[in-house]
Amino acid sequence: MEGKTHIVGGLAAGALYLNLGGAVGHEALFFGSLALGALIPDIDHTGSLIGRKVPLIDNIISTVFGHRSFTHSLLFLVLAFFLFQQTSWPKDIELGILMGMFSHMVLDMLTKQGVKFLWPLKIEIGIPGGIRTGGAIEQGFFTVLVIYLCYVGFHFYL
(Lines give C-alpha, C1' and ligand atoms only; values in the text may rest on other atoms or scores of the structure.)
Protein backbone atom coordinates (compact mmCIF):
# COMPACT_ATOMS: atom_id res chain seq x y z
CA MET A 1 0.00 0.00 0.00
CA GLU A 2 1.07 3.57 -0.51
CA GLY A 3 2.01 5.88 2.35
CA LYS A 4 -1.19 7.92 2.09
CA THR A 5 -3.30 4.77 2.40
CA HIS A 6 -1.32 3.68 5.46
CA ILE A 7 -1.80 7.08 7.10
CA VAL A 8 -5.54 7.12 6.43
CA GLY A 9 -5.77 3.47 7.50
CA GLY A 10 -4.05 4.27 10.80
CA LEU A 11 -6.35 7.22 11.41
CA ALA A 12 -9.38 5.05 10.56
CA ALA A 13 -8.19 2.40 13.04
CA GLY A 14 -7.97 5.07 15.73
CA ALA A 15 -11.39 6.46 14.83
CA LEU A 16 -12.84 2.95 15.04
CA TYR A 17 -11.18 2.46 18.44
CA LEU A 18 -12.75 5.67 19.77
CA ASN A 19 -16.08 4.89 18.12
CA LEU A 20 -16.17 1.52 19.89
CA GLY A 21 -15.70 3.18 23.27
CA GLY A 22 -11.93 3.39 23.57
CA ALA A 23 -10.60 6.39 25.42
CA VAL A 24 -7.55 8.61 25.11
CA GLY A 25 -6.48 11.65 27.04
CA HIS A 26 -5.23 13.84 24.20
CA GLU A 27 -6.78 13.10 20.83
CA ALA A 28 -4.31 15.28 18.90
CA LEU A 29 -1.36 13.28 20.29
CA PHE A 30 -3.20 10.04 19.61
CA PHE A 31 -4.07 10.82 15.99
CA GLY A 32 -0.64 12.28 15.23
CA SER A 33 0.94 9.12 16.65
CA LEU A 34 -1.39 6.93 14.60
CA ALA A 35 -0.17 8.64 11.43
CA LEU A 36 3.48 8.27 12.43
CA GLY A 37 3.03 4.66 13.53
CA ALA A 38 1.30 3.85 10.24
CA LEU A 39 4.51 4.80 8.40
CA ILE A 40 7.12 3.23 10.69
CA PRO A 41 7.05 -0.36 9.33
CA ASP A 42 8.16 0.91 5.91
CA ILE A 43 11.46 2.12 7.40
CA ASP A 44 12.77 -1.03 5.69
CA HIS A 45 12.01 0.36 2.21
CA THR A 46 14.38 2.95 0.74
CA GLY A 47 11.69 4.42 -1.51
CA SER A 48 9.00 4.76 1.16
CA LEU A 49 7.74 8.03 2.59
CA ILE A 50 9.47 7.47 5.92
CA GLY A 51 12.46 5.76 4.31
CA ARG A 52 13.24 8.92 2.34
CA LYS A 53 13.17 10.97 5.57
CA VAL A 54 15.71 8.73 7.36
CA PRO A 55 17.93 7.49 4.52
CA LEU A 56 20.72 5.86 6.51
CA ILE A 57 18.45 3.74 8.69
CA ASP A 58 16.30 2.57 5.78
CA ASN A 59 19.37 1.35 3.89
CA ILE A 60 20.70 -0.57 6.87
CA ILE A 61 17.36 -2.21 7.73
CA SER A 62 16.66 -3.00 4.07
CA THR A 63 20.09 -4.59 3.62
CA VAL A 64 19.92 -6.66 6.82
CA PHE A 65 16.27 -7.76 6.78
CA GLY A 66 14.75 -6.94 3.38
CA HIS A 67 11.30 -5.47 2.85
CA ARG A 68 8.15 -6.59 4.68
CA SER A 69 9.94 -8.89 7.08
CA PHE A 70 11.20 -7.80 10.51
CA THR A 71 9.55 -4.36 10.56
CA HIS A 72 6.25 -5.92 9.46
CA SER A 73 6.27 -8.62 12.13
CA LEU A 74 4.66 -9.44 15.44
CA LEU A 75 8.16 -9.45 16.94
CA PHE A 76 8.64 -5.81 15.87
CA LEU A 77 5.35 -4.86 17.56
CA VAL A 78 6.27 -6.71 20.76
CA LEU A 79 9.72 -5.08 20.85
CA ALA A 80 8.14 -1.65 20.34
CA PHE A 81 5.68 -2.36 23.16
CA PHE A 82 8.49 -3.33 25.55
CA LEU A 83 10.53 -0.31 24.48
CA PHE A 84 7.59 1.92 25.37
CA GLN A 85 7.43 0.29 28.81
CA GLN A 86 10.91 1.70 29.43
CA THR A 87 9.93 5.27 28.52
CA SER A 88 7.78 7.91 30.11
CA TRP A 89 6.02 8.89 26.89
CA PRO A 90 2.32 9.70 27.19
CA LYS A 91 0.18 6.59 26.77
CA ASP A 92 -1.72 8.30 23.91
CA ILE A 93 1.51 8.40 21.88
CA GLU A 94 2.42 4.81 22.69
CA LEU A 95 -1.05 3.49 21.84
CA GLY A 96 -1.23 5.57 18.67
CA ILE A 97 2.14 4.39 17.38
CA LEU A 98 1.41 0.73 18.15
CA MET A 99 -2.07 0.88 16.59
CA GLY A 100 -0.70 2.68 13.54
CA MET A 101 2.04 0.08 13.11
CA PHE A 102 -0.46 -2.76 13.42
CA SER A 103 -2.86 -1.16 10.94
CA HIS A 104 0.05 -0.85 8.49
CA MET A 105 0.78 -4.55 8.79
CA VAL A 106 -2.88 -5.51 8.34
CA LEU A 107 -3.17 -3.32 5.24
CA ASP A 108 -0.01 -4.84 3.75
CA MET A 109 -1.48 -8.30 4.38
CA LEU A 110 -4.17 -7.33 1.87
CA THR A 111 -1.60 -6.86 -0.90
CA LYS A 112 -0.28 -9.42 -3.37
CA GLN A 113 3.10 -9.50 -1.61
CA GLY A 114 1.77 -10.01 1.92
CA VAL A 115 4.08 -9.72 4.96
CA LYS A 116 6.24 -12.02 7.06
CA PHE A 117 4.19 -11.35 10.18
CA LEU A 118 5.68 -14.34 11.99
CA TRP A 119 9.26 -13.36 11.11
CA PRO A 120 11.84 -14.92 11.50
CA LEU A 121 9.69 -17.64 9.97
CA LYS A 122 9.67 -17.11 6.21
CA ILE A 123 5.89 -17.58 5.95
CA GLU A 124 4.22 -14.79 3.99
CA ILE A 125 0.77 -13.84 5.21
CA GLY A 126 -1.46 -12.25 2.61
CA ILE A 127 -4.47 -12.92 0.49
CA PRO A 128 -4.22 -14.71 -2.86
CA GLY A 129 -4.68 -12.24 -5.70
CA GLY A 130 -4.45 -9.38 -3.23
CA ILE A 131 -4.51 -5.67 -3.90
CA ARG A 132 -1.83 -4.21 -6.18
CA THR A 133 0.01 -1.34 -4.50
CA GLY A 134 -1.04 1.93 -6.13
CA GLY A 135 -3.72 0.23 -8.23
CA ALA A 136 -7.35 1.15 -8.73
CA ILE A 137 -8.56 -1.12 -5.91
CA GLU A 138 -6.18 0.54 -3.46
CA GLN A 139 -7.37 3.97 -4.59
CA GLY A 140 -10.97 2.88 -4.04
CA PHE A 141 -10.08 1.49 -0.61
CA PHE A 142 -8.34 4.78 0.23
CA THR A 143 -11.51 6.67 -0.74
CA VAL A 144 -13.68 4.43 1.44
CA LEU A 145 -11.35 5.03 4.41
CA VAL A 146 -11.50 8.81 3.89
CA ILE A 147 -15.30 8.70 3.72
CA TYR A 148 -15.37 6.62 6.92
CA LEU A 149 -13.13 9.16 8.67
CA CYS A 150 -15.38 12.02 7.57
CA TYR A 151 -18.48 10.16 8.71
CA VAL A 152 -17.07 9.25 12.11
CA GLY A 153 -15.56 12.70 12.59
CA PHE A 154 -18.86 14.37 11.76
CA HIS A 155 -20.83 12.20 14.21
CA PHE A 156 -18.20 12.06 16.91
CA TYR A 157 -17.25 15.73 17.04
CA LEU A 158 -20.48 17.52 16.12
Side-chain angles (χ1 to χ4, degrees), residues 1-20 22 24 29-84 92-153:
M1 299 269 176
E2 295 180 327
K4 67 180 184 177
T5 306
H6 284 303
I7 291 170
V8 171
L11 297 175
L16 179 62
Y17 170 76
L18 293 178
N19 202 28
L20 293 175
V24 295
L29 285 178
F30 178 63
F31 280 103
S33 300
L34 283 162
L36 174 63
L39 295 175
I40 288 174
D42 273 345
I43 194 68
D44 65 356
H45 187 313
T46 57
S48 69
L49 189 61
I50 196 165
R52 290 189 307 263
K53 300 293 181 191
V54 269
L56 182 60
I57 294 173
D58 70 333
N59 282 323
I60 293 169
I61 294 173
S62 179
T63 301
V64 173
F65 298 107
H67 184 49
R68 292 188 178 181
S69 59
F70 171 63
T71 63
H72 287 69
S73 71
L74 179 61
L75 177 60
F76 189 66
L77 282 173
V78 169
L79 290 174
F81 173 80
F82 284 116
L83 176 67
F84 286 141
D92 297 333
I93 292 176
E94 295 174 7
L95 178 62
I97 290 174
L98 290 170
M99 282 183 69
M101 288 169 53
F102 184 69
S103 75
H104 179 114
M105 294 172 195
V106 169
L107 287 174
D108 275 354
M109 286 178 194
L110 300 176
T111 66
K112 291 182 178 192
Q113 299 86 358
V115 299
K116 293 180 180 82
F117 189 68
L118 300 174
W119 186 90
L121 299 177
K122 305 260 186 238
I123 302 166
E124 289 193 4
I125 298 175
I127 58 173
I131 298 170
R132 185 175 56 85
T133 300
I137 294 175
E138 179 182 349
Q139 299 310 315
F141 190 64
F142 172 82
T143 302
V144 168
L145 290 173
V146 169
I147 291 169
Y148 171 74
L149 281 172
C150 292
Y151 174 80
V152 171

Asks: Should the heavy atoms of other residues, nucleotides or ligands under 6.0 Å from CD1 of Ile137 be counted, would the total exceed 12?
Replies: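 Atom CD1 in Ile137 is not packed in, count stays at 12 or less.
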
Asks: Would you call Asp108 and Arg68 a salt bridge, using N to O less than 4.0 angstrom?
Replies: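 Salt bridge between Asp108 and Arg68, a charged N being under 4.0 Å from a carboxylate O: yes.
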
Asks: For the OG1 atom of Thr111 and the CD atom of Glu124, what is their distance to the nearest 0.5 Å?
Replies: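 Those atoms lie 9.0 Å apart.
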
Asks: My understanding is that only residues two or more places apart in sequence, or in another chain, count here; which of them pass ring pair (Phe, Tyr, Trp, His ring centres under 6.0 Å) with Phe65?
Replies: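 Checked Phe65 against ring pair (Phe, Tyr, Trp, His ring centres under 6.0 Å); matches are Phe70, Trp119.
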
Asks: Would you name the heavy atoms of Met1 and Thr133 that are closest together and state the gap between them?
Replies: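 For Met1 versus Thr133, the nearest heavy atoms are N-OG1, 3.2 Å.
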
Asks: Would you say the side chain of Phe84 lies within less than 4.5 Å of the side chain of Ile93, judging by non-hydrogen atoms?
Replies: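 Of all side-chain heavy-atom pairs linking Phe84 with Ile93, none is under 4.5 Å.
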
Asks: Taking side chain as C-beta onward, heavy atoms only, is Val24 less than 4.5 Å from Tyr17?
Replies: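 SC-SC contact between Val24 and Tyr17 confirmed.
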
Asks: Which pair of non-hydrogen atoms, one from Ile40 and one from Ile50, has the smallest distance, and what is that distance?
Replies: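 Minimum heavy-atom separation between Ile40 and Ile50: CA-CD1, 4.0 Å.
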
Asks: Using 30° and 60° as the class limits, which term best fits the ring planes of His72 and His67: parallel, tilted or perpendicular?
Replies: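 The arrangement is perpendicular - the two ring planes meet at more than 60°.
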
Asks: Would you name the heavy atoms of Ser103 and Gly10 that are closest together and state the gap between them?
Replies: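 Shortest heavy-atom contact: OG-CA, 3.3 Å.
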
Asks: Between Glu94 and Phe81 (side chain of the first, backbone of the second, donor and acceptor by atom type, cut-off under 3.5 Å), is there such a pair?
Replies: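 The answer is no, because no donor-acceptor pair under 3.5 Å joins these two groups.
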
Asks: Show the nearest heavy-atom pair for residues Ile7 and Ala35, with the distance to one decimal.
Replies: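 Heavy-atom minimum between the residues: CG2-CB, 4.0 Å.
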
Asks: Could you check Asp44 against Thr71 for side-chain hydrogen bond (donor to acceptor under 3.5 Å, both in side chains), going step by step and ending with a plain yes or no?
Replies: CA-CA 7 Å; Asp44 65 356; Thr71 63; 2.9 Å; yes

Asks: Using a 4.5 Å cut-off on heavy atoms from C-beta on, say whether the side chain of Met105 contacts that of Ile125.
Replies: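 They are not in side-chain contact.
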
Asks: Listed by chain and number, what are the side chain to side chain donor-acceptor pair (under 3.5 Å) partners of Lys112, not counting sequence neighbours?
Replies: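 With neighbours one apart ignored, the set is empty.
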
Asks: Which heavy atom of His6 sits nearest a heavy atom of Ala38, and at what distance?
Replies: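 Scanning both residues completely, I find the closest heavy atoms to be O-CB, 3.1 Å.
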
Asks: With a 3.5 Å distance limit and no angle check, can you tell me whether Ser48 reaches the backbone of Asp42 through a side-chain donor-acceptor pair?
Replies: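 It does hold such a pair.
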
Asks: Decide yes or no for Leu77 and Phe117: does some side-chain heavy atom of the first lie under 4.5 Å from some side-chain heavy atom of the second?
Replies: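 Yes, close enough: below the 4.5 Å cut-off.
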
Asks: Any donor and acceptor pair, going by atom type alone, linking the side chain of Ser33 with main-chain N or O of Leu29 inside 3.5 Å?
Replies: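 Answer holds: yes.
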
Asks: Measure the CD1-CG distance between Ile97 and Leu39 for me, rounded to the nearest 0.5 Å.
Replies: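 Result: 11.0 Å between the selected atoms.
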
Asks: For Glu138 versus Glu2, what's the shortest heavy-atom pair and its separation?
Replies: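 Scanning both residues completely, I find the closest heavy atoms to be OE2-N, 2.7 Å.
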
Asks: With a 4.5 Å limit on heavy-atom distance, are the side chains of Leu18 and Phe31 in contact?
Replies: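 With C-beta onward as the side chain, the pair touches.
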
Asks: Which one of Val8, Asn19, Leu11 satisfies the side-chain contact (heavy atoms from CB on, under 4.5 Å) criterion with Tyr148?
Replies: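 Among Val8, Asn19, Leu11, the one meeting side-chain contact (heavy atoms from CB on, under 4.5 Å) with Tyr148 is Asn19.
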
